[in-house]
There are 4 protein chains.
Amino acid sequence: MSSPVHSRPRVEGEREEQILDAAVRLLLEVGYDRLTLDAVALEARASKATLYRRWRGKAEIVVDAIARTKRCGGSVDPDTGTLRGDLMAMACCDGGLTDDAPLSVVAGLMSAMKHDHELTRAIQERFLAPRIQIGRIVFERAQRRGEIEPDVDIELLFDVLPGMVMNRRLVLGKPVDEDFIAHVIDDVVLPAARRSSPAVPTHTSNREEIWNVS
Amino acid sequence: MSSPVHSRPRVEGEREEQILDAAVRLLLEVGYDRLTLDAVALEARASKATLYRRWRGKAEIVVDAIARTKRCGGSVDPDTGTLRGDLMAMACCDGGLTDDAPLSVVAGLMSAMKHDHELTRAIQERFLAPRIQIGRIVFERAQRRGEIEPDVDIELLFDVLPGMVMNRRLVLGKPVDEDFIAHVIDDVVLPAARRSSPAVPTHTSNREEIWNVS
Amino acid sequence: MSSPVHSRPRVEGEREEQILDAAVRLLLEVGYDRLTLDAVALEARASKATLYRRWRGKAEIVVDAIARTKRCGGSVDPDTGTLRGDLMAMACCDGGLTDDAPLSVVAGLMSAMKHDHELTRAIQERFLAPRIQIGRIVFERAQRRGEIEPDVDIELLFDVLPGMVMNRRLVLGKPVDEDFIAHVIDDVVLPAARRSSPAVPTHTSNREEIWNVS
Amino acid sequence: MSSPVHSRPRVEGEREEQILDAAVRLLLEVGYDRLTLDAVALEARASKATLYRRWRGKAEIVVDAIARTKRCGGSVDPDTGTLRGDLMAMACCDGGLTDDAPLSVVAGLMSAMKHDHELTRAIQERFLAPRIQIGRIVFERAQRRGEIEPDVDIELLFDVLPGMVMNRRLVLGKPVDEDFIAHVIDDVVLPAARRSSPAVPTHTSNREEIWNVS
DNA sequence: CAATAAACGAGACGGTACGTCGAGTCTTCCT
DNA sequence: AGGAAGACTCGACGTACCGTCTCGTTTATTG
């Protein structure tokens, strides 16, 4: 037969995006651990073999999926002029900390990360790294502006907001809205930014990976 | 009368404890998502039917298991005289924030919580509630001592440490040791404790549960 | 408390009958292999322990149940004056070959008999033996009357009707009514009765039990 | 090219045959009701999912298994020239009435047939139908030869031997050997064949199915 | 008539098989 | 040549039933 009902895209990467779109669609519908690869394959009119040809498993597909779609929260520098403005902008945009989708997905991936170091690396590189990069830029700029004391550990400060959001949303099950973000920024981050750390020296074991502890 | 080879305990909850002990044992060996109920049943010389008679599934057994074994980090008030001392004591003891086991388990349960509200309630009541209770006591005492400014939101402050520990350990994959705990306490919690919140009013939607949003 | 709502009968055999009645009731409802002992215990307001105190298992309870309730087909000699009349009377009464209940139960017990020789013996003694006894009386009387040739093997003749009924009902799934019984008697049993066996000598291995072949 | 360790057959039905072979092997070892599908799956290096993809349950697998392996007793017309010879040949060959295996399996299936009409149909079509077909041919030929009186009901006659064999083997637990077969043929089947049915008209409800009576 | 031992109801338990589901692999056919 | 389709193995899931066992109570029999 000569007229194919639906053409099969062959351009490298185009098919990939369609599959990831399907994954995202289902991810938002049913969440990470209700997501099945059969469903992804069906939704994308793809074969499971194709999925496993490009990714190592369910977790990596999902990592790619969320890394691709929600970029603004991690990869755009808002540069509003103040640290508070930057943090609010980063947290409250689509794909930011107030967005439930990436948060839930990260929750689903957490236990898988314990055993799968490849997956961990993938998450680090594709999802975390860009966000951390922007975070560092924002905080360093604020420090240069004098909003953060010179001796404050920026690395630590940047993790306050994500950590507290995760805890609130995933552990406590409470909503994360702009009010909460502002609350944390105003009452935890900014106070910590303006007060230099006391006698205790900078934490030394800061960078060590421990994922390889079995 | 001949002595029975393996006595069948009938005292209320005794069998339950044996099963949960087996669950804990395996949990520490293989982690949450490598844990199978068949293995628990085998380890406890129990039948799967018995497990399902008492619990609704793997997640609830695990909740009970960790809630029963690791108590000191949540249910003992150290009362060292200072907020810093109390927080360090709570975090660094067995079952505290530096203990990998409960952290990993919580990670495994997170995605299950999205769909299973019974499980969520179980975790809230059995695992979180006692720890939160002690935390509140510690922080209120510190506030009465003047270590925390009167208008600081204690609820928020208490979530800083768990949130940042989770983020570091489960997301970033970095180790959580006493140094890190001290770093967070000294450079984030205590500064935030001593500085009253600025213009922004107290976050209003603080208590709302959102687990019921499908 | 002094007024028991329902008294517990202790007279030996009375409780037994109540239990067997319950078993019969359920047997007719759901059939042999859908029957569970929990259901019997519940129906009889008895404990499973009681059941296992008196019987060795499900199969034996069922054997007792059918052996007790359906007696007329096996233990009453109709003595109508003719072989045909006797056979019709035996087959068409309640508990006889046209009665579905005992037939179905026997079907359910068949595969259990392969492995359980105690059960086999129980069925032989409690269910089969009385019927065979009456059958032999009826056939011997007919032979004395001359309705059956003197050299015909009565044992074989008596098994024609049960065998063909079982085959029709249980294997072919066709109904067994009086017409069919009459058809078999008139066209198979009686012709065989009036014609002496030819050259072939009487089958010698007639009585050997083979249930003990593993 | 490297030779695959265990080739995965994809030719239609080939995998099916391997599974059924395994089922037959285990069936002969342990019998019908000791047979487990896990064992079949293990023996065939198959997954239970595969079994349930092709069959609806244990009973249907077994039906297919016995229908496939034991054909000679049912699907080969011996045509020895005499009714007696034909019957002896059919009964005494492998898979015939003297073969214990199919008999035991039928016994195991009987009670399942009460509830499962799909299974009943499967047995009828796959196992019984071919045997009945050959039986009819043999008897019709004998009737044309004059060995059976013209007005004798062939259908009834053909069921004498299977019925009596089943009764002897499964109910009475006695062995079925060539002697017994000959005894039945000579003393029951052949006398009935040569004597026309008396007054009683042909049984009218002969064909009705009653499996649907709940 | 009270004490005692046997028998009982209730039902939890270990064990085993069931039938289902999803992950990841592999083969065949089609485009 | 490469992808869609989907069958396949593996292994965990949650359920059901059997036969055993323990517990606390009732009953019949003794002192």
Short side-chain N/O contact to E:dA12 OP1/OP2 from B:R54, under 4.0 Å:
no
Between P of E:dT25 and CZ of D:R45, the distance in whole Å
17 Å
Rounding to an integer number of Å, can you tell me how far D:E14 CD sits from F:dA7 C1'?
14 Å
Expressed in angstrom and rounded to an integer, what is the separation of B:D33 atom CG from E:dG22 atom P?
17 Å
What integer distance in Å separates D:R15:CZ from E:dT28:C1'?
17 Å
Min side-chain heavy-atom separation A:T50-A:S47 under 4.5 Å
yes
Using residues 30-41 of chain C as the side-chain source, report each donor-acceptor pair under 3.5 Å to any protein atom, sequence neighbours left out, with the distance given to one decimal.
| unit_1 | atom_1 | unit_2 | atom_2 | d |
| --- | --- | --- | --- | --- |
| C:D33 | OD1 | D:H115 | NE2 | 3.4 |
| C:D33 | OD2 | D:S111 | OG | 2.8 |
| C:T36 | OG1 | C:A39 | N | 3.1 |

Gap between atoms CD and P, on A:E118 and E:dG24 respectively (whole Å):
14 Å
I want to check something: taking the side chain as every heavy atom from C-beta on, are C:M110 and D:V106 in contact at a cut-off of under 4.5 Å?
no
d(CD1, D:I19; C1', F:dA7) in whole Å:
11 Å
Report the distance from atom CD of B:E16 to atom C1' of E:dA12, rounded to the nearest whole Å.
13 Å
Nearest heavy-atom pair of B:V171 and A:Q124: which atoms, and what distance?
O-NE2, 3.6 Å
Report the C-alpha distance between B:D64 and B:R54 in whole Å, list the side-chain angles of each, state the deciding distance to 0.1 Å, and finish with yes or no for salt bridge (Lys or Arg N to Asp or Glu O under 4.0 Å).
CA-CA 11 Å; B:D64 263 28; B:R54 294 191 192 277; over 6 Å; no
Side-chain donor-acceptor pair present, C:Q18, C:R15, cut-off under 3.5 Å
yes
Can we say C:E125 and C:R121 salt-bridge, meaning some charged N sits less than 4.0 Å from an Asp/Glu carboxylate O?
yes
Counting only side-chain N and O atoms of A:T50, is one of them less than 4.0 Å from OP1 or OP2 of F:dG3?
no
Length of the CG-P vector between A:L51 and E:dA23, whole Å:
11 Å
Enumerate the protein-to-nucleotides 13-17 of chain F contacts in which both atoms are nitrogen or oxygen and the separation is below 3.5 Å.
| unit_1 | atom_1 | unit_2 | atom_2 | d |
| --- | --- | --- | --- | --- |
| F:dC13 | OP2 | B:L37 | N | 2.7 |
| F:dC13 | OP2 | B:D38 | OD1 | 3.3 |
| F:dG14 | OP2 | B:Y52 | OH | 2.1 |
| F:dG14 | O5' | B:Y52 | OH | 3.0 |
| F:dG14 | N7 | B:K48 | NZ | 2.9 |
| F:dG14 | O6 | B:K48 | NZ | 2.8 |

Which comes earlier along DNA chain F counting from the 5' end, the contact point of A:A46 or that of D:A41, where each point is its nearest nucleotide?
A:A46
